[in-house]
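This is a predicted model, so every value here is computed, not measured. All residue numbers in this chain count up from 1 along the given sequence.
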Amino acid sequence: MSGARVSVDWSRVTTEFHRDRDVDATRRAIESSAVDLGDFTRAVAGLVSGPDRDQRTISRMLGPLWRQAAIQPGCTFLLAFALYSELQHGWELSADTDNMVVLLRSMQRTWPTAREHVQDPGERELVDLLVRHGADLEAAFQMENGLNCSCAMETIDAAAQVADGSAAVLRALADVSPGWEQEAALLRQVLEAHVLYFDGVRRSAQTILEHVLGEVDVGEVEERAVALQRSLSDPRLAVDVYQSELRAHVMALFALARRLRSTPLPGLSFPGLKVTYVVPFTARGATDNLAQDSEELVEALRRHGSRLIGTGPLAPVQVRDLELSDIWSHGRDEVFSETPLEPTAYRIVAAVLPDLWIAPRSPAVPRLGPYRVEIRFSSFGNHHVRISGPVQPPDDDRVPGYHDLNQALRRGSGFMGAEEVLVEGSDEVYDSVGQLAASAVEMVSDWDAALRIHRLRCHVDPAVDTHAVITMPEACLRMPGATEDAPAVVDATGEQILQAVGPLLLIPVERTAAGLEEWLRYDDPGAHDTIPNFLGRLAPLGSLAVQTARNTCLYTPGLPDWSLLGTAELIEFVVSARALIRQWNGHLQEAVDVATDMLRRRLAGASLRPDEVRLLRLRLADHGALIRQQRALLHSEELARSPGHRHILDQLLLTSGAARLEAELDTSIAELDALYTQLGDDAAAVEEARTASYQNLVGLILYVLALFSLADLFGFLNDSLFPLETPQTVVTVELVTYALAVAGLALWGMAGYRRSKRG
């Protein structure tokens with residue numbers, strides 16, 4: 001080891017790190033150290049929004065970095081803290097921690113073989129403790145996953161691991177070697193903040209878990225919230241960004257207590273609560289006719305679907321026509337028609353996949369299922385993956401409550417934390433229902449050979465389009481002070497459900513949860529009569545039928561299941577049509593882009609062939625007609641049999657956000673129409689130029705013939721009038737006349753050329 005000890009402004013590094021996880025001061029210190037800046041930058045680059053990093057590649061980078069740092073006293077600890085602070089900085093910016101885990105494990109893997117190069121035992125010990133503490137970050141990431149899963153058990157276990165692990169490292173830090181007091185003080189402050197924050201999260205999660213299980217009353221919730229609030233003023237936490245995060249958990253407890261005192265939340269339960277996840281996708285063949293592609297896909301599945309059974313882990317176990325309820329109009333006149341019945345206007349073929357189970361990461365939570373999985377192919381084009389099942393384990397005799405409802409909605413939001421989604425009879429494991437749906441759609445894209453469909457292409461975006469449909473056969477309220485005359489449990493009304501869990505049903509789920517049951521912190525959406533009920537005038541008394549762009553809740557007490565089948569089909573039809581409307585828009589944009597490119601070439605001076613313009617204009621007309629025809633069916637009075645169901649369908653188009661997508665479609669249609677008109681003008685200009693060119697050619701020939709005729713006329717007159725010799729004056733007049741005729745020919749030709757190039 002040689003050279004002076006690295007100079008670091010540890011006071012500024014400490015302040016910036018604790019205030020907002022800033023890494024500028026640490027990076028400046030690295031720049032002035034023995035560590036090669038390029039190697040360091042490559043090692044920490046791409047933690048946020050970068051491509052997936054390879055464990056061995058990053059480990060090969062870190063080995064030389066440790067050895068470089070060992071040359072300069074103090075540089076090894078600086079490098080270790082710089083890597084650690086980059087991890088914390090990345091975590092502050094992103095919930096995607098996969099790349100951070102790669103860097104973290106690379107640190108743990110490479111440090112043991114590099115520590116022998118550090119000569120000062122005090123520095124070695126400090127780096128040992130920092131790398132040991134870094135291992136707790138994986139548990140911290142897991143705790144965040146528990147929050148995103150709204151899983152109190154996973155949150156408690158992970159938070160306890162971080163808090164206890166940090167406390168153990170803090171105790172080991174007590175005996176620091178002389179000369180390393182500044183570095184030890186920095187590490188001590190980091191550890192103390194971790195102990196306070198993660199222990200606070202553990203206590204908050206434990207309180208919510210006990211409430212869900214009915215083991216703690218509102219008074220105790222308030223007492224724990226007050227106790228946890230006092231820790232926010234602890235000076236060891238007050239300087240750290242973790243204070244703001246712990247405050248969110250404290251506010252969640254206070255919000256829970258307020259709701260317990262003001263709403264029927266404690267006694268509200270949902271017997272038989274079920275969830276259906278609808279993940280729309282689009283499919284195209286080789287043609288420009290989307291409607292024809294959908295019809296051909298459905299027909300191909302009917303003819304050749306048996307070939308797909310059992311050909312892979314996700315392969316169908318059955319392919320069949322789906323029997324729909326009789327709410328749909330079948331595109332035929334059943335009363336007066338004397339001809340054979342025509343095919344239905346809305347027909348579905350279902351590929352039934354193996355059942356799936358959901359296993360939370362916490363081993364204390366049993367798995368949920370079975371969920372039935374189908375890929376539904378529609379003749380209309382609104383294809384979707386459908387996953388339906390219960391919201392709690394099969395052997396759980398507890399009646400589902402708001403916690404189960406919250407988890408069911410988070411799974412459909414695309415923002416659920418990672419769980420193990422298991423396919424029955426297979427070793428395949430997925431992180432979410434959305435990932436499974438995406439894999440199922442990818443499998444469909446490989447069916448082109450089996451179905452004999454040329455260039456079958458599918459597109460799915462589960463993070464954007466997954467929709468959770470919640471059905472509540474019952475909603476019950478447990479009444480306090482029950483007597484023989486007053487029942488202990490009564491049916492809840494839709495208004496009471498909104499009072500209790502309105503924010504949960506009507507406010508979009510956040511990507512990263514700041515605490516368990518985060519919806520508790522939002523204001524109530526308003527009075528029951530101000531919330532749009534998509535059943536409209538068909539809504540039974542006491543019912544609840546609300547929808548957002550991401551979820552639908554249907555509660556109709558007293559109605560039999562058969563009466564709700566049609567409504568459920570309408571809901572799935574509309575939410576799966578959102579992706580189809582975007583496909584229509586994209587289809588129009590393809591034609592618009594081609595036409596716009598042609599017009600740009602035209603303005604740049606390129607010449608357009610008449611057939612090229614006509615063909616493109618015809619393509620625009622076909623695109624517009626196709627989309628208008630499909631859209632007309634969406635709004636047709638004949639799609640649903642009864643005016644009541646047509647009314648529900650119209651209401652769903654508004655509440656689901658499909659109407660906004662249609663407004664964007666209107667803009668594209670208007671743009672297409674404008675281009676159609678512009679190309680029509682250009683086609684007329686091209687045709688005019690073509691006609692002008694032809695006319696110019698004919699005129700030129702006639703003019704040349706006229707010149708020859710004029711010369712012959714002059715010769716004839718000269719021979720007749722002047723048999724011996726033509727006077728010089730006459731010759732001069734004839735030459736001038738001839739020259740003027742030639743000049744006129746030139747001017748006329750130039751004007752014709754300009755006309756031929758016009759437009």
Does the side chain of [X] pick up a donor-acceptor pair with the side chain of [Y] at under 3.5 Å?
X      : Y      : result
Gln499 : Thr263 : no
Glu144 : Trp91  : yes
Gln206 : Glu210 : yes

Would you give the length of the straight line joining atom [atom1] of [X] to atom [atom2] of [Y], rounded to the nearest 0.5 angstrom?
X      : Y      : atom1 : atom2 : value
Ile648 : Leu653 : CD1   : CG    : 12.0 Å
Gln142 : Cys151 : CD    : SG    : 9.5 Å
Ser432 : Arg410 : OG    : CZ    : 12.5 Å
Leu570 : Leu535 : CG    : CG    : 10.0 Å
Gln651 : His647 : CD    : NE2   : 4.5 Å
Glu223 : Asp217 : CD    : CG    : 8.0 Å

Exercise. Asn585 and Ile581: side chain to side chain contact (heavy atoms under 4.5 Å, CB included), yes or no, with the steps?
Worked result: CA-CA 6 Å; Asn585 203 351; Ile581 297 173; 5.8 Å; no
Exercise. Which is it for Val391 and Lys274 under the side chain to side chain contact (heavy atoms under 4.5 Å, CB included) test, yes or no, and what are the steps along the way?
Worked result: CA-CA 6 Å; Val391 299; Lys274 294 181 180 179; 6.0 Å; no
So, [X] side chain and [Y] main chain: donor-acceptor pair closer than 3.5 Å or not?
X      : Y      : answer
Tyr522 : Leu504 : no
Thr97  : Met100 : no
Ser379 : Arg347 : yes
Ser439 : Gln435 : yes
Ser426 : Val423 : no
Glu569 : Ser325 : yes
Thr466 : Pro462 : yes
Asp157 : Ser362 : no
Arg411 : Tyr277 : no
His383 : Ser378 : yes

For this session: Output, in order, the C-alpha distance, side-chain angles, deciding distance and verdict of salt bridge (charged side-chain N to carboxylate O under 4.0 Å, His left out) for Arg582 and Glu664.
Result: CA-CA 9 Å; Arg582 280 201 296 273; Glu664 297 174 3; over 6 Å; no
Taking the side chain as every heavy atom from C-beta outward, state whether [X] and [Y] have any pair of such atoms under 4.5 Å apart.
X      : Y      : value
Ser204 : Val250 : no
Glu419 : Glu154 : no
Val460 : Pro280 : no
Asn382 : Phe573 : yes
Pro271 : Cys476 : yes
Ile387 : Leu356 : yes
Val275 : Ser388 : no
Phe198 : Gln161 : no

What is the minimum heavy-atom distance between [X] and [Y], and which atoms define it?
X      : Y      : value
Leu268 : Ala500 : CD2-CB, 3.6 Å
Asn148 : Ala513 : OD1-N, 2.8 Å
Ser150 : Asn406 : OG-ND2, 3.0 Å
Gln496 : Thr493 : OE1-N, 2.9 Å
Val444 : Cys458 : CG1-SG, 3.6 Å
Phe534 : Cys553 : CE2-O, 4.2 Å

[X] and [Y] ion-paired at < 4.0 Å:
X      : Y      : answer
Glu517 : Arg259 : no
Glu374 : Arg372 : yes
Glu572 : Arg376 : yes
Arg367 : Asp395 : no

For this session: Describe, in one word, how the ring planes of Tyr197 and Tyr242 are oriented to each other, choosing from parallel (under 30°), tilted (30 to 60°) and perpendicular (over 60°).
Result: parallel
For this session: Step through the shown structure and confirm whether more than 12 heavy atoms of other residues, nucleotides or ligands are within 6.0 Å of CD on Glu323.
Result: no
For this session: Give a yes or no on whether Glu245 atom CD has more than 12 heavy-atom contacts from other residues, nucleotides or ligands under 6.0 Å away.
Result: yes
Problem set entry | Residue pairs involving residues 350-366 (criterion salt bridge (Lys or Arg N to Asp or Glu O under 4.0 Å); sequence neighbours excluded) | Arg361-Asp431
Problem set entry | Worked verdict on Leu314 versus Tyr430 for side chain to side chain contact (heavy atoms under 4.5 Å, CB included) | CA-CA 12 Å; Leu314 268 180; Tyr430 303 89; 3.4 Å; yes
Problem set entry | Evaluation steps, side chain to side chain contact (heavy atoms under 4.5 Å, CB included), between Val352 and Arg320 | CA-CA 8 Å; Val352 182; Arg320 58 179 176 80; 4.2 Å; yes
Problem set entry | Partners meeting side chain to side chain contact (heavy atoms under 4.5 Å, CB included) with Leu565 (sequence neighbours left out) |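 So Leu565 forms no side chain to side chain contact (heavy atoms under 4.5 Å, CB included) with any residue.
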